[in-house]
Amino acid sequence: MRKSFKRIGILTSGGDAPGMNADIRSVTRTAILRNVEVMGIYRGYRGLIEGDMKLFSVRDVSNIVNHGGTILFSDRCPEFKTEEGMKKAVDMCINNKIDGIVAIGGDGTFRGATDLTCRGVPCIGIPATIDNDITSTDYSIGFDTAMNTVVEMVDRLRDTCESHARCSVVEVMGRNAGDIALQTGIATGASAIVIAEFPFDEDEAIQNMIKSKQTGKRNFIVIVAEGAPNYGEDLAVRIEKRTGIETRFARLAHVVRGGPPSLRDRLLASKMGAAAVDALLDGNSNLVICESGDEIHFMDIDFALKLDRMYKGNLAEGDLKGYNEDQIRKLKDMCNRKRRSLEKLYTLSKEISQ
Ligand code: ADP
Ligand code: F6P
């Protein structure tokens, strides 16, 4: 049933990601086209609690599709998680005539969206994080840009490694997820990739590097996910000691969270933004927008959060209470699908780095 929404709010929360602005633009333009006003809420849930917001016109989202960061700024707001904070947020929505909210961010942001929905403010979540660690979607906004930035940086490092016959151990972001490390490792022709999801055979990797050195290879790249413990600077020291190859460590850190979004991220953000507005206006709430293959679809946020926890092995006692066999099988199938796709890539990376 089409809702008679007059005004929706939009916010970005958690770690920023390139493409958030393209998302803000798409949400704003789609809503205005449907005769719905858009309230831009600054600094995530903190701005919502404090009433830091402004009615947007199309001009407010001009010249932003090509920029990284988020014009709405982002923040992490522990107060929002408290009953008092939540009440302030709901009151702020009522006082500012906000009928629903599009919340752009990661799983923490979605938990907040669920809490608001339960208290009468319908919310739709859009996955935006460079980590790509939201199990319900194949791609999250920002992931592609971050990977392209890593590739550019590592290509540069490779040039200087080749000149000096060195190895670069490069640590990339991703929190606990190895997606960025794995895909960029393959794309940069890394000699080894270390991610937390699979055990790393350090001896094998070192032997392979020694053999390659003997056949004349001069440059070596090792990509390490930040979520893989004890493999950052320590690994660089061990590689140098055991291979005799001079080794440098580089942490790319937040540099890959900025910069102009890639075409893929702009497109994904534009599609998801429009889908989020239409989902709200169609009377839906508590959904996260997902991409599988080429399709944009929706998943209940609770279901998506359980899926995430199942995939990451964090399911708590009673998490699946109320879920029937079909739903549990669906969750397991989705986890297996994600694991298989990661495994395939990991196997490929090992085979072509020998
Ligand atoms: P991300 O959305 O990228 O995962 P965070 O985990 O930092 O980032 O969450 C962003 C914000 O979402 C938090 O600062 C907080 O305001 C809100 N949030 C996080 N977890 C919860 C929760 N369990 N309940 C309600 N709100 C939450
Ligand atoms: O979630 C995005 C991310 O950049 C992670 O890759 C990283 O672990 C974390 O955020 C860094 O957080 P902060 O911005 O608080 O330093």
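All values derive from a computational prediction rather than experimental measurement. Counting starts at 1 for both ligands and their atoms, in listed order.
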Q | Arg339 atom CZ: more than 12 heavy-atom contacts under 6.0 Å | A | yes

Q: Please check if atom NZ in Lys330 has more than 12 non-hydrogen atoms from other residues, nucleotides or ligands closer than 6.0 Å.
A: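 No, not enclosed.
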
Q. Less than 4.5 Å apart, any side-chain heavy atom of Leu235 and any of Glu202?
A.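 The answer is yes; the side chains approach within 4.5 Å.
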
Q: Find the distance between OG (Ser136) and CE (Met299) and round it off to the nearest 0.5 Å.
A: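 Here the rounded value is 5.0 Å.
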
Q. Of Val61, Ile64, Val277, which is the lone residue that meets side chain to side chain contact (heavy atoms under 4.5 Å, CB included) with Thr28?
A. Val61

Q) Under the 3.5 angstrom rule, does the side chain of Ser26 hit a backbone N or O of Asp23 as a donor-acceptor pair? A) no

[atom]: the protein heavy-atom neighbour that sits closest, reported with distance to 0.1 Å:
{"atom": "atom 9 (C) of ligand 2", "value": "Arg175 NH2, 3.7 Å"}
{"atom": "atom 16 (O) of ligand 2", "value": "His254 NE2, 2.8 Å"}
{"atom": "atom 15 (O) of ligand 2", "value": "Arg76 NH1, 2.8 Å"}
{"atom": "atom 12 (O) of ligand 2", "value": "Arg257 NH1, 3.7 Å"}

Mind listing the N or O contacts between ligand 1 and protein, cut-off under 3.5 Å?
unit_1   : atom_1 : unit_2 : atom_2 : d
ligand 1 : 2 (O)  : Gly106 : N      : 2.9
ligand 1 : 2 (O)  : Gly106 : O      : 3.4
ligand 1 : 2 (O)  : Thr109 : N      : 2.9
ligand 1 : 2 (O)  : Thr109 : OG1    : 2.5
ligand 1 : 4 (O)  : Asp107 : N      : 3.4
ligand 1 : 4 (O)  : Asp107 : OD1    : 2.9
ligand 1 : 4 (O)  : Gly108 : N      : 3.0
ligand 1 : 7 (O)  : Arg76  : NE     : 2.9
ligand 1 : 12 (O) : Gly108 : O      : 3.3
ligand 1 : 14 (O) : Cys77  : N      : 2.6
ligand 1 : 16 (O) : Cys77  : O      : 2.8
ligand 1 : 18 (N) : Gly108 : O      : 3.2
ligand 1 : 24 (N) : Asp115 : OD2    : 3.1

**Q.** Contact check: Gly174 vs ligand 2, nitrogen or oxygen atoms, below 3.5 angstrom
**A.**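 Yes, at least one N or O pair falls under 3.5 Å.
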
Q. Atoms of ligand 2 less than 4.0 Å from Asp131 heavy atoms?
A. 1 (O), 2 (C), 3 (C), 5 (C), 6 (O)

Q. What atoms in ligand 2 come closer than 4.0 Å to a heavy atom of Glu226?
A. 5 (C), 6 (O), 7 (C), 8 (O)

Please set out all donor-acceptor pairs under 3.5 angstrom arising from side-chain atoms of residues 314-323, sequence neighbours excluded.
unit_1 : atom_1 : unit_2 : atom_2 : d
Asp319 : OD1    : Arg309 : NH1    : 3.0
Asp319 : OD2    : Arg309 : NH1    : 2.8
Asp319 : OD2    : Ala316 : N      : 2.9

Taking only distance into account, with no hydrogens and no angle test, what donor-acceptor pairs under 3.5 Å do side-chain atoms of residues 96-105 form with protein atoms, sequence neighbours excluded?
unit_1 : atom_1 : unit_2 : atom_2 : d
Asn96  : ND2    : Met92  : O      : 2.8
Asp99  : OD2    : Lys6   : N      : 2.7
Asp99  : OD2    : Arg7   : N      : 3.1

**Q.** Any residue meeting ring pair (Phe, Tyr, Trp, His ring centres under 6.0 Å) with Phe220, in chain and number order, not counting sequence neighbours
**A.**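 Listed in chain order: nothing, the list is empty.
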
